[in-house]
Novice: 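Have a look at this one before I ask anything.
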Amino acid sequence: MRVLFLDLDTLRADHLGCYGYLRNTSPNIDRIAAEGVRFEQYYCADAPCLPSRAALMTGRFGIHSGIVGHGGTAADLRLEGAKRQFQASLQRSCLTSIFRRQGMRTVTISPFAERHSAWWFYAGFTEMHNTGLGGMESAEQITPVVLDWLQRNAAADGWFLHVNYWDPHTPYRAPEEFGNPFATTPLPSWLTAEKLAGHRQHIGPHSARELAMYDNAIDPRFPRHPGELENMDDWRRLIDGYDCGIRHMDENIGHIFAALEKAGVFEETAIIISSDHGENMGELGIYAEHATADNITCRIPLIIRWPGCRRAHVDRGLHLNLDLAPTLADLFGQSPQPDWDGTSFANALRQGTECGRDFLIISQCAHVCQRSVRFGRWLYIRTYHDGYHLFPPEMLFDVENDPHEERDLATQQPDICREGAWRLERWHAEMMATMSAAEDPMWTVIREGGPLHARGHLAAYCDRLKSTDRGWAVAELARRHPGEFANKGN
């Protein structure tokens, strides 16, 4: 058997044609969706990049694996300690080990392990190709490596090939010669000039006036990526830059498909297409970043074309990326590993059976500290560290009727908030009761100074707020984060 896993960084599901997007960003991806199963409600359990791929590869929530952030203790896989045997348990429980048990050659073409010093990511791979730019690669730098490998190996049987593209990740980097196929096509209609003007008063990194995180600096190497959004022309430049990244990546994916067709193995190759997280484009006042535990950052595409399984089917059940390992094991007839938190949805592929979870818990501890509950049509967000965005402790959105999270209903729907809080507490108690560590890694992040990307920037950011008619927020930031103000002499 041959399996191709296209791991496409920072890819919003709703910016793909097969998920209903108005722009033609993804004809090659859409082709696979038409031939396989598209999962409508698939989420990363922990966001963003490092925690998400940790959940994917270990089959475990970050609270169990220990990886919930981008720095500090909670960016490392938790040690097994005294119970560790000659080989760590990851040797048998990582996603890649499923293919090893089938006797398959396992290959990754990705810079991810080096980008995050996440060397555990190589567990189960027999062959690793680091494209060498730490996630700053553009597709035309990755595709030749993939095509070279396929030219030598595609016709052989028994391989699993993981390919990692980065083009939709900030800064948006489709090469200048690619042009702009969307220059005259409509923009998403939800954002208006009036709403953008309101967002320019938003507080926090990656807001409309700080696309470079804490300021509006522009990197001349990336002309598609503005530093600030002053008007709707800037909004178009940002959306066009993101969508061009997707389309450029998709065209390179087409080259991979053509190579498989040339080798005569395309139709029989199983193809998995997914991402690590999405990208907020104004939702919650955040632009060009994946900084929250919301429906935009955590909802990701999943498309699977698997031999003998359903074709042209849409599954609407609730699933997490940590469910993928148990699902693949199930498809191969393997037993689930005892330390997996995931549950198989293989019957959605085999028979089209709805087998989703009753609710999902999704988390973010790299930019903010949030845990959220996705249930029914609701998204309940509990914020523990606001990352300087001045989020309230609780937010509630009807994501079916308000997909861009414009109307916080928390004060209007207290009973729904209580249900979300109850589900979150029940999950947390179960997680804490089933691990050996004494501390929740989210609280480790807070104890060590807060989320990595909101650590040590407050003093300079407050100066910027004062210089950009938002000085009113400084007093509230001081009230919420007195320790950092005291440390910085504000």
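Note that this is a predicted model, so its numbers are computed, not measured.
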Novice: Does Ser275 reach the main-chain N or O of Thr10 with its side chain, forming a donor-acceptor pair under 3.5 Å?
Specialist: yes

Novice: Under a 3.5 Å cutoff, is there a donor and acceptor pairing between the side chains of Tyr388 and His457?
Specialist: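 No, no side-chain donor-acceptor contact under 3.5 Å.
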
Novice: Let me know which of Thr58, Asp46, Asn321, Asp276 forms a side-chain hydrogen bond (donor to acceptor under 3.5 Å, both in side chains) with Arg53.
Specialist: Asp276

Novice: Taking the six-membered ring for Trp, is the centroid-to-centroid distance between Phe345 and Phe39 below 6.0 Å?
Specialist: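 Yes - the distance between ring centres of Phe345 and Phe39 falls below the 6.0 Å cut-off.
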
Novice: Specify the closest pair of heavy atoms between Pro48 and His290, including all atoms of both residues, with the distance to one decimal.
Specialist: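 Heavy-atom minimum between the residues: CB-CD2, 3.5 Å.
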
Novice: Where do Glu210 and Arg470 land on the salt bridge (charged side-chain N to carboxylate O under 4.0 Å, His left out) test, with the steps shown first?
Specialist: CA-CA 13 Å; Glu210 286 97 20; Arg470 292 170 293 167; 2.3 Å; yes

Novice: Backbone N or O of Gln41 within a donor-acceptor pair of the Arg316 side chain at under 3.5 Å?
Specialist: no

Novice: Please determine if Arg382 forms a cation-pi arrangement with Tyr384, meaning its NZ or CZ atom is less than 6.0 Å from the six-membered ring centre and no more than 45° off the ring axis.
Specialist: yes

Novice: I need the single residue from Asp243, Thr185, Asp240 that forms a side-chain hydrogen bond (donor to acceptor under 3.5 Å, both in side chains) with Asn180. Which is it?
Specialist: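 Of the listed options, the one satisfying the test is Asp240.
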
Novice: Under a 3.5 Å distance rule, please check whether Glu405 uses its side chain to pair with a backbone N or O of Glu283 as donor and acceptor.
Specialist: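 Between the backbone of Glu283 and the side chain of Glu405 there is no qualifying donor-acceptor contact (under 3.5 Å).
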
Novice: Test of understanding: with side-chain contact (heavy atoms from CB on, under 4.5 Å), list the residues that count as partners of Asp14, not counting sequence neighbours.
Specialist: Arg12, Arg299, His404

Novice: Between the main-chain N or O of Ile29 and the side-chain N or O of Asp250, is there a donor-acceptor pair closer than 3.5 Å?
Specialist: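 Present.
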
Novice: Between the main-chain N or O of Pro223 and the side-chain N or O of Arg237, is there a donor-acceptor pair closer than 3.5 Å?
Specialist: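 Yes; judged by distance alone, with no hydrogens or angles, the pair exists.
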
Novice: Would you call Glu425-Arg423 a salt bridge at under 4.0 Å N-O?
Specialist: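 No, this pair does not count.
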
Novice: Is the Tyr214-His206 ring centre distance short of 6.0 angstrom?
Specialist: no

Novice: Got a salt bridge between Asp402 and Arg377, using NZ or NE/NH1/NH2 to carboxylate O under 4.0 Å?
Specialist: no

Novice: Do Ile109 and Leu161 make a side-chain contact, defined as non-hydrogen atoms from C-beta onward lying under 4.5 Å apart?
Specialist: yes

Novice: Does any N or O in the side chain of Lys195 come within less than 3.5 Å of the main-chain N or O of Trp190, such that one atom is a donor and the other an acceptor?
Specialist: yes

Novice: Determine whether the side chains of Asn164 and Asp9 contain a donor N or O and an acceptor N or O closer than 3.5 Å.
Specialist: no

Novice: Do the ring centers of His367 and His389 come within less than 6.0 Å of each other?
Specialist: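 No - the distance between ring centres of His367 and His389 does not fall below the 6.0 Å cut-off.
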
Novice: Answer yes or no: is there a donor N or O on one side and an acceptor on the other, between the side chain of Asn216 and the main chain of Glu228, under 3.5 Å?
Specialist: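 Side chain of Asn216 to backbone of Glu228, a donor-acceptor pair under 3.5 Å: no, none is there.
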
Novice: Using 30° and 60° as the class boundaries, would you call the ring planes of Phe391 and His202 parallel, tilted or perpendicular?
Specialist: tilted

Novice: Check whether any side-chain N or O of Ser372 sits under 3.5 Å from a backbone N or O of Ala293 as a donor-acceptor pair, and report yes or no.
Specialist: yes

Novice: What is the ring orientation for His453 with His70, classed by angle as parallel under 30°, tilted 30 to 60°, or perpendicular over 60°?
Specialist: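 Perpendicular, since the angle between the ring planes exceeds 60°.
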
Novice: Which of these passes side chain to side chain contact (heavy atoms under 4.5 Å, CB included) with Val107: Met128, His162, His129?
Specialist: His129

Novice: With no hydrogens and no angle check, is any side-chain donor or acceptor of Thr297 less than 3.5 Å from a backbone partner on Glu279?
Specialist: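 A pair under 3.5 Å: no.
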
Novice: Going by side-chain contact (heavy atoms from CB on, under 4.5 Å), name the residues that satisfy it together with Asp341, two or more places apart in sequence or in a different chain.
Specialist: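 Residues passing side-chain contact (heavy atoms from CB on, under 4.5 Å) with Asp341: Arg60, Phe61, His64, Leu322.
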
Novice: Once the angle between the rings of His385 and His481 is folded into 0 to 90°, is it parallel (under 30°), tilted (30 to 60°) or perpendicular (over 60°)?
Specialist: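 His385 vs His481 ring planes: tilted.
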
Novice: Partners of Ser117 by side-chain contact (heavy atoms from CB on, under 4.5 Å), sequence neighbours excluded?
Specialist: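 Applying side-chain contact (heavy atoms from CB on, under 4.5 Å) to Ser117 gives Trp119.
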
Novice: Considering non-hydrogen atoms only, spot the tightest contact between Arg200 and Arg209 and give its length.
Specialist: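 So the two residues come closest at O-CD, 2.8 Å.
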
Novice: Taking the six-membered ring for Trp, are the ring centroids of Tyr21 and His15 within less than 6.0 Å of each other?
Specialist: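 That pair passes the under 6.0 Å test.
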
Novice: Has the side chain of Asp7 got a donor or acceptor atom that lies under 3.5 Å from a matching backbone atom of Tyr165?
Specialist: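 No, the answer is negative, given that no donor and acceptor are paired below the 3.5 Å cut-off.
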
Novice: Around Glu35, counting heavy atoms of other residues, nucleotides and ligands shown, do more than 12 lie under 6.0 Å from its CD?
Specialist: yes

